[in-house]
S.K.: 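First the structure, which I've put down as structure tokens, then a few questions once you've had a look.
Numbered from 1 within each chain, the chains take letters A, B, ... in sequence-line order. Just so it is clear, the values below take in all heavy atoms, side chains as well, and ignore hydrogens, waters and symmetry mates.
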Amino acid sequence: MVKAKPSLEVSIGPLALKNPVITASGTFGYGEEYSKYFDLSLLGGITTKGLSLKPMQGNPPPRICETPSGMLNAIGLQNVGVDNFIEHKLPFLAQFDTKVIVNIFGNTVEEYEAVTARLDKAKGVHAIEVNISCPNVKKGGMAFGTDLDSTYEVIKAVRNATSLPVIAKLSPNVTDVVPFADRAAHAGADALSLINTLLGMAIDIRSRKPKIANITGGLSGPAIKPVAVRIIWQVYRAVGLPIIGMGGIMDASDAVEFMLAGAAAVAAGTANFVNPLAPVEIIAGIERYLIENGIDHARHIIGQVQA
Amino acid sequence: MVKAKPSLEVSIGPLALKNPVITASGTFGYGEEYSKYFDLSLLGGITTKGLSLKPMQGNPPPRICETPSGMLNAIGLQNVGVDNFIEHKLPFLAQFDTKVIVNIFGNTVEEYEAVTARLDKAKGVHAIEVNISCPNVKKGGMAFGTDLDSTYEVIKAVRNATSLPVIAKLSPNVTDVVPFADRAAHAGADALSLINTLLGMAIDIRSRKPKIANITGGLSGPAIKPVAVRIIWQVYRAVGLPIIGMGGIMDASDAVEFMLAGAAAVAAGTANFVNPLAPVEIIAGIERYLIENGIDHARHIIGQVQA
Amino acid sequence: MIARIKKNEELFSGYFLVDVEAEGIGRDKTGRSASPGQFYMLKVGLSTDPLLRRPLSLHRKLSDDSVRFLYRQAGRGTALLSRLIPGDEVDVLGPLGNGFPIPAGIKHALIVGGGIGIAPLMALADYVSGERKDITAVAFIGGRSREYVLGAEEFREKGIETFMATEDGSLGTMGLITHILDEYINEHKHKGTGGWAIYSCGPHPMLISVAALAKKHGIKNYTSMESNMACGIGACMGCVISVLDREHGSSIYKKVCDDGPVFDAEDVVW
Amino acid sequence: MIARIKKNEELFSGYFLVDVEAEGIGRDKTGRSASPGQFYMLKVGLSTDPLLRRPLSLHRKLSDDSVRFLYRQAGRGTALLSRLIPGDEVDVLGPLGNGFPIPAGIKHALIVGGGIGIAPLMALADYVSGERKDITAVAFIGGRSREYVLGAEEFREKGIETFMATEDGSLGTMGLITHILDEYINEHKHKGTGGWAIYSCGPHPMLISVAALAKKHGIKNYTSMESNMACGIGACMGCVISVLDREHGSSIYKKVCDDGPVFDAEDVVW
Ligand SMILES: Cc1cc2nc3c(=O)[nH]c(=O)nc-3n(C[C@H](O)[C@H](O)[C@H](O)COP(=O)(O)OP(=O)(O)OC[C@H]3O[C@@H](n4cnc5c(N)ncnc54)[C@H](O)[C@@H]3O)c2cc1C
Ligand SMILES: Cc1cc2nc3c(=O)[nH]c(=O)nc-3n(C[C@H](O)[C@H](O)[C@H](O)COP(=O)(O)OP(=O)(O)OC[C@H]3O[C@@H](n4cnc5c(N)ncnc54)[C@H](O)[C@@H]3O)c2cc1C
Ligand SMILES: Cc1cc2nc3c(=O)[nH]c(=O)nc-3n(C[C@H](O)[C@H](O)[C@H](O)COP(=O)(O)O)c2cc1C
Ligand SMILES: Cc1cc2nc3c(=O)[nH]c(=O)nc-3n(C[C@H](O)[C@H](O)[C@H](O)COP(=O)(O)O)c2cc1C
Ligand code: FES
Ligand code: FES
């Protein structure tokens, strides 16, 4: 029996994607490196490395280490700064037929606002993802994402500074993500990204030093998948916003699992490091799953876990 | 150069252990099964499966599933009840030259108190570990462990009901474990157990059902090790209580890593399932590490990470 | 214990026979011989993923120091196992579990297997045809198509009358093996079913049908159950299934790994 | 790309040579031949643990479709690799990184390797002795003891004058190879060190000494650096080391994977 090709289109609030597969911030640079491996136009979207108002050096090395089925990173948000990005990186990304989601962060609410204002005027930006959940920077980052009022303030400020879709990237390092999701919604977020990394640490028993210079780092990869699926499921049931799911997605089965839990789109993060073709293989695999199960539209599986 | 055998003795507050290796609650039954594999007297201590006032049936199956480098469980604290334990299980454990730590939980503060009172009078119990962090039961469990005042109340009630050492087993599913550790200390806990499982979920994409009947479950095993090490390190620096470290310890290197982070003793949990001899191999491996590094006492490595 | 792969061969696409050797692997901790229906827990690879051991039934005890498993490549664990070559190591725990009971008075064993379910039933057939010649066995083996009908030849070589059924009719009768079983019982029950027992292992729906048939005909049915396992030795409470507690008339949870894997089908809450 | 193991042999305890084959593995995405100092990222096994690829330097390019690595069994990843047999698959990404620069005017290459550091230097020796006969190479190979002095014979077969040193004196001079290097330079520098370059790879302390020597003698030193890597292609920013930014006179972070792995030793903030 020949079945019609299913539609892979999904939308993240006002942001329509040709398919549900995005790349996760910080794991795909500004797209250039991976463009050698496949045509970026195949992607539903690309999320850039987190941008700040001024360029940042990031944390001293060692910055990463492997853990069981996962990795710790404390890059410390090394980035070229928003102006350099707009001038030198964005034109490259704008060539492709895909949605460019720019991930931002700041040390103060004002910085978030300022970065947003510049991006709002730039051509080729399709959405802004607001990182209030980075565990690897002293100020800003997770400090905002683990406080309800700061979460509201930051998202509100970004919301007021742009008419682009605003995606709040929340921290999993809280007792309950739902109230944070709620506040982000009230502050005007159009969508949520779940999850950022879990705060972790590893020690080299020979040198007796932490394996990464920053001492603690963000845990990503398959190890955290069950936590991500749980959080997405909790938030999906409680809050009305569309969710971009991420956290350990390595292949299409994982991606489908996240969508069943409630993700409207999914992001490949650590998977890119292991397999540069991961995002395109995931797209093909989702399509195969839909065909095999006689489902004609990717959005029909969102949140469809029978729980 | 022949080196003297190092001393493996450590103490968890008032509880002196011949070596730092304990078995984690719920992963070692009441000791009988594993006694076929090695002499339980080799262990620093044994922690029993969580006990409640009345016997409990636990959750419906499926109760467990594997995840990348980890597993989810939602046993739901199936147990024989405290009276049956004292009558039928404790005498078996009392035969061995090891410390018996009885893990308890209740649906109300009064239940915690009542279970404690019975154990206080029983012979052969060396300490009580208070589980306020089980993610798999509706009432009690994590509900206590994610609320500061309930944490205080439960630990205080147990403290008042016994003169045995009291160990508070805290939940990692909170924004910051330190204030919980602090409250437990103020309520009179002698020590802390860190960490219980992370709340997770997995979905079977074929059946579109959660892989465990309880929907969510507790994530254990190597996957969570970086989170455990981080929490132990945070709590060790902030709070004065000795820590029993656990969460993904599979071998002696892991155990040493936990001790360097601040654990005064370590527990093997999921490791027992993979290798019934894990605890004894860990004891031998810690000794080897101490010898190789010219350290004459296990307690000298506690918290010695150079961070 | 660390065992060595002696032979690891693909029977047909995705189905393998593996022989492993280690001193005393054919006996349990107390020295008792591994018995039909018992199983082993295998850990393949040095990595933490896959993390848990995988249960495989004793297919044939080759000697006190060598056992054979029949396995289907189901997922990552069995895929890794299938890549091992003679000389490679695998960490094996067992024999574990209760095994098939043969209560006093059993004279006629009806062995019913579907697909990979034949794995433990072969051990039973070995035992009955070897050490219990007082019992006559009849086998009923079903599968999707002819390749999935495993072990029929071996059963016949042992002198066991063997019926086969495939869903596509490519071997034996077309249809379900439970249908053949029902016919067989109907045909023979006039001689009396006292001393009969049905031993079943296979896909869940098949086990349910066999249990229903057994009940209908008033014949004991011992069935080998499956469940996700972590420890395999009774410590984690992870592998329970719902079973009738005859004493109290209510259902309780019993552990597949050490209360089972074989249960009286009448007690199983299906 | 999926490559096939052609040969995987232990040289001596814990040190292996592996040949892998795949169409075009000896060229990069743009068709440029893999060059000395470049590396590949290997993923061994289907499991999520170990998760990340492991970097290994091009040891020898055997053809456009086949390359050789020399590796030391350091941990779990390389242990898994060491178990692969001819015919097995391994997922390979590369060639990656910049490779050793040979600026115009270089006539005399001093190749300094310690232990497993010889891995990429062999590719350099192959290249120089094959395609750049205008350059004379001299090699300085050090190791803890004789077994750890790798590749010396191959270097000599290429007609490269090769000095050796071991810490225990079991082969060559007793002591550190940097000492021999220093002596060599002292002895020969009167002829002028213009057109000289030192290429180094090995343990960190050795690289520091070589860099110091190079500086003292005013000779360029290109050094191959190591760092934990995730992506290997410049996207994650995980592999940075501190390097002098000549323009601003301050230190900045550069990526070992694509700004390196070879750096001008003078720029490295050791
Ligand atoms: C007592 C017992 C005896 C068994 N005997 C045999 C046998 O002789 N031959 C054979 O081919 N199979 C047998 N099985 C089933 C076999 O254990 C599973 O097929 C195997 O565990 C699948 O592992 P995997 O990694 O290949 O698959 P995956 O799908 O990757 O496994 C993922 C997880 O699910 C669990 N799992 C998946 N399927 C099953 C299952 N059917 N039963 C229990 N756990 C499962 C695995 O243990 C693992 O935790 C037996 C199962 C039990 C409980
Ligand atoms: C550019 C480059 C080229 C290299 N070329 C070679 C070579 O030709 N031959 C060879 O034997 N080794 C080489 N190495 C080192 C080799 O990559 C490590 O020995 C290997 O990654 C260790 O992995 P493991 O799983 O065996 O050890 P584990 O200790 O289990 O590794 C754990 C983690 O640490 C990382 N790691 C450990 N040691 C190193 C290291 N020295 N460098 C980078 N990451 C490390 C691993 O990638 C992994 O993430 C090279 C390293 C780099 C950066
Ligand atoms: C090396 C690395 C860098 C990251 N940088 C960022 C970042 O700049 N901004 C951000 O919001 N998230 C960042 N993340 C988090 C990822 O976008 C993602 O949320 C997380 O890694 C979980 O997904 P994964 O397990 O698929 O990697 C980074 C993750 C990694 C591994
Ligand atoms: C199957 C299972 C049952 C558990 N039951 C209990 C319990 O009854 N009480 C408790 O405090 N912790 C229980 N735990 C948590 C463990 O004691 C331990 O804190 C956790 O598993 C982390 O350690 P690990 O990764 O080494 O297993 C259980 C864990 C598992 C895997
Ligand atoms: S598998 Fe642990 S009790 Fe059965
Ligand atoms: S390893 Fe990712 S940037 Fe170098």
Side-chain angles (χ1 to χ4, degrees), chain B residues 23-38 48-50 55-80 136 202 204 211-213 217 220-223 225 248 250-251 254 269-277, chain C residues 1-2 28-32 41-55 74-78 91-97 204 225-243 245 248 250-260 268-270:
Chain B
T23 56
S25 177
T27 66
F28 208 70
Y30 305 109
E32 286 145 333
E33 293 82 8
Y34 286 98
S35 69
K36 293 176 200 149
Y37 292 86
F38 63 88
T48 65
K49 174 74 192 161
M56 276 180 66
Q57 273 263 60
N59 289 326
R63 290 178 170 184
I64 54 172
C65 77
E66 197 181 63
T67 67
S69 293
M71 63 176 283
L72 288 172
N73 90 79
I75 308 300
L77 295 168
Q78 173 172 357
N79 79 96
V80 298
N136 299 325
D204 182 329
K211 285 193 181 170
I212 49 183
S220 66
K225 194 177 70 163
M250 299 303 281
D251 57 26
D254 294 337
T270 302
N272 297 312
F273 306 155
V274 180
N275 175 12
L277 297 179
Chain C
M1 85 184 88
I2 301 300
D28 73 9
K29 297 247 149 213
T30 67
R32 210 178 61 115
M41 296 284 283
L42 279 72
K43 165 82 180 150
V44 180
L46 301 171
S47 156
T48 62
D49 180 69
L51 180 65
L52 300 172
R53 290 172 181 269
R54 302 297 196 247
R76 288 162 337 123
T78 45
D91 189 345
V92 178
L93 199 67
L96 305 168
H204 203 74
M225 301 297 291
E226 284 198 4
S227 163
N228 283 352
M229 289 186 180
C231 72
I233 65 171
C236 75
M237 307 288 189
C239 64
V240 299
I241 57 170
S242 219
V243 169
D245 180 9
H248 305 90
S250 60
S251 77
I252 54 167
Y253 291 128
K254 288 216 170 183
K255 294 175 280 186
V256 171
C257 72
D258 77 347
D259 297 318
V268 174
V269 181
W270 291 99

S.K.: I'd like to know if the side chain of B:Glu33 and the backbone of C:Cys236 have a donor-acceptor N/O pair within less than 3.5 Å.
M.R.: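 Pair absent, no side-chain N/O of B:Glu33 close to backbone of C:Cys236.
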
S.K.: Quick check on the interface: out of B:Asn272, B:Val274, B:Thr67, B:Ile212, who has the most heavy-atom pairs with chain C under 4.5 Å?
M.R.: B:Val274

S.K.: Please classify the contact between C:Met229 and chain B as side chain, backbone, both or neither, with a heavy-atom cut-off of under 4.5 Å.
M.R.: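 When you check distances to chain B, only backbone atoms of C:Met229 fall under 4.5 Å.
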
S.K.: Give, as side chain, backbone, both or neither, the part of C:Ile241 having an atom under 4.5 angstrom from any heavy atom of chain B.
M.R.: backbone

S.K.: Contact part of C:Leu96 toward chain B, heavy-atom cut-off under 4.5 Å: side chain, backbone, both or neither?
M.R.: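 When you check distances to chain B, only side chain atoms of C:Leu96 fall under 4.5 Å.
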
S.K.: Give a yes or no on whether the backbone of C:Pro50 and the side-chain of B:Glu66 come within a donor-acceptor separation of less than 3.5 Å.
M.R.: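 No.
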
S.K.: Rounded to the nearest 0.5 Å, what separates atom CG in B:Asp251 from atom OG1 in C:Thr48?
M.R.: 10.0 Å

S.K.: Do you know which of B:Met250, B:Lys211, B:Gln78, B:Lys49 has the most heavy-atom pairs with chain C at a distance under 4.5 angstrom?
M.R.: B:Gln78

S.K.: Should we count NZ of C:Lys43 as having more than 12 external heavy atoms under 6.0 Å?
M.R.: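 Atom NZ in C:Lys43 is packed in, count exceeds 12.
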
S.K.: What part of B:Pro276 is in contact with chain C, defined as an atom under 4.5 angstrom from a non-hydrogen atom: side chain, backbone, both or neither?
M.R.: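 The side chain, not the backbone.
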
S.K.: With chain C, which of B:Gly70, B:Gly248, B:Cys65, B:Ala223 has the greatest number of heavy-atom pairs at distances under 4.5 Å?
M.R.: B:Gly70

S.K.: Would C:Arg53 and B:Phe273 count as a side chain to side chain contact (heavy atoms under 4.5 Å, CB included) if you check the C-alpha gap in whole Å, the side-chain angles of each, and the deciding distance to 0.1 Å?
M.R.: CA-CA 8 Å; C:Arg53 290 172 181 269; B:Phe273 306 155; over 6 Å; no

S.K.: Of the backbone (N, CA, C, O) and the side chain (C-beta and beyond), which part of B:Thr270 lies under 4.5 Å from a heavy atom of chain C, both, or neither?
M.R.: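 Contact with chain C: side chain only.
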
S.K.: Would you compute the distance between atom CG of C:Leu93 and atom CG of B:Leu277 and round it to the nearest 0.5 angstrom?
M.R.: 8.5 Å

S.K.: Between B:Arg63 (side chain only) and C:Met237 (backbone N and O only), is there a donor and an acceptor less than 3.5 Å apart?
M.R.: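 Such a contact is found between B:Arg63 side chain and C:Met237 backbone.
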
